[in-house]
Amino acid sequence: PRVLSPQQVVAGCRLAQALTQYCVGANYGWLLAEGLFLHKLLVLATFSGERCLPAFLLLGWGAPALFVVPWVVVRYLYENEGCWERNEKVAVWWIIRCPILLAVAVNFVVFVRIVRILVAKVRAQQVSRGDTRLR
């Protein structure tokens with residue numbers, strides 16, 4: 001069997017670390033895409049998911065690359081130690097954290113709007129029926 005050099009092991013470990021960060025970013029990107037999809041579905045009566053699919057695909061799979069690639073470059077240039085599992089320079093770590101926190105914040109706002117829409121629709125149905133047992 002072929003024995004890997006220490007440089008190859010470190011490179012493989014760093015690649016795994018970058019892939020992990022991309023997958024975490026993709027999770028938050030897809031969570032945001034699903035929230036936006038549900039919001040559009042509730043707000044627009046004539047919403048077609050097929051028309052927006054390319055935008056949702058870009059948000060879910062493309063957006064994480066917009067911050068993971070710069071993170072890899074900056075990490076390689078300024079904090080190129082070990083397997084990149086430690087985050088000693090906080091500024092470098094914020095390249096990953098800021099977009100994720102932004103996605104969480106936007107998703108929270110979308111969630112609150114969805115809840116308000118659903119509550120308004122339930123109240124409208126209760127008023128139209130006039131049946132107090134539904135409440």
Side-chain angles (χ1 to χ4, degrees):
R2 183 173 169 232
V3 177
L4 296 176
S5 70
Q7 292 85 6
Q8 289 174 320
V9 171
V10 169
C13 186
R14 290 175 181 173
L15 179 64
Q17 192 67 248
L19 185 61
T20 299
Q21 297 304 327
Y22 175 80
C23 290
V24 169
N27 277 322
Y28 284 100
W30 276 110
L31 188 65
L32 180 58
E34 289 175 9
L36 293 172
F37 177 81
L38 181 59
H39 183 265
K40 283 190 171 284
L41 202 61
L42 289 172
V43 170
L44 302 174
T46 60
F47 174 67
S48 170
E50 292 177 16
R51 252 191 9 224
C52 292
L53 184 61
F56 290 138
L57 286 170
L58 277 175
L59 181 60
W61 294 120
L66 294 177
F67 58 87
V68 172
V69 170
W71 176 77
V72 167
V73 170
V74 170
R75 190 78 195 231
Y76 180 77
L77 293 175
Y78 299 107
E79 197 178 9
N80 196 20
E81 299 169 8
C83 185
W84 295 352
E85 75 281 0
R86 300 182 71 194
N87 300 301
E88 294 178 8
K89 293 186 180 178
V90 179
V92 175
W93 187 234
W94 278 104
I95 295 172
I96 293 287
R97 292 293 150 227
C98 275
I100 288 175
L101 288 174
L102 180 66
V104 169
V106 170
N107 218 10
F108 180 74
V109 171
V110 169
F111 169 74
V112 169
R113 291 188 62 163
I114 288 171
V115 169
R116 290 179 65 198
I117 291 167
L118 291 176
V119 167
K121 287 187 179 203
V122 167
R123 284 188 179 162
Q125 286 178 348
Q126 287 177 351
V127 169
S128 69
R129 291 188 182 175
D131 189 356
T132 56
R133 289 180 295 151
L134 290 174
R135 293 181 193 172

Distance, nearest 0.5 Å, that separates [atom1] of [X] from [atom2] of [Y]:
X	Y	atom1	atom2	result
Ile100	Asn107	CD1	CG	13.0 Å
Leu36	Arg113	CG	CZ	10.5 Å
Arg116	Lys121	CZ	NZ	14.0 Å

Indicate every side-chain donor-acceptor pair of residues 17-35 with a distance under 3.5 Å to a residue at least two apart or in another chain.
unit_1: Thr20; atom_1: OG1; unit_2: Ala16; atom_2: O; d: 2.8
unit_1: Tyr22; atom_1: OH; unit_2: Trp61; atom_2: O; d: 2.5
unit_1: Asn27; atom_1: ND2; unit_2: Cys23; atom_2: O; d: 3.3

Show every donor-acceptor pair shorter than 3.5 Å between a side-chain atom in residues 88-98 and any protein atom, with sequence neighbours excluded, or say none if there are none.
unit_1: Glu88; atom_1: OE2; unit_2: Arg86; atom_2: NH1; d: 3.3
unit_1: Glu88; atom_1: OE2; unit_2: Arg86; atom_2: NH2; d: 3.4
unit_1: Lys89; atom_1: NZ; unit_2: Tyr78; atom_2: O; d: 2.7

Indicate, with yes or no, if [Y] and [X] share a hydrophobic cluster defined by side-chain heavy-atom contacts under 4.5 Å among Ile, Leu, Val, Met, Phe, Trp and Tyr.
X	Y	value
Leu44	Ile117	yes
Phe108	Phe37	no
Ile114	Phe111	no
Val104	Phe67	yes
Val106	Val112	no

Ignoring hydrogens, what is the shortest heavy-atom contact between [X] and [Y]? Give both atom names and the distance.
X	Y	result
Pro70	Ala65	CD-O, 3.8 Å
Glu79	Asn87	OE2-C, 3.9 Å
Gly82	Glu85	C-OE1, 4.3 Å

>> Quick one, Leu118 with Val122, criterion side-chain contact (heavy atoms from CB on, under 4.5 Å). Give me CA distance, side-chain angles, the key distance, then yes/no.
In response: CA-CA 6 Å; Leu118 291 176; Val122 167; 5.5 Å; no

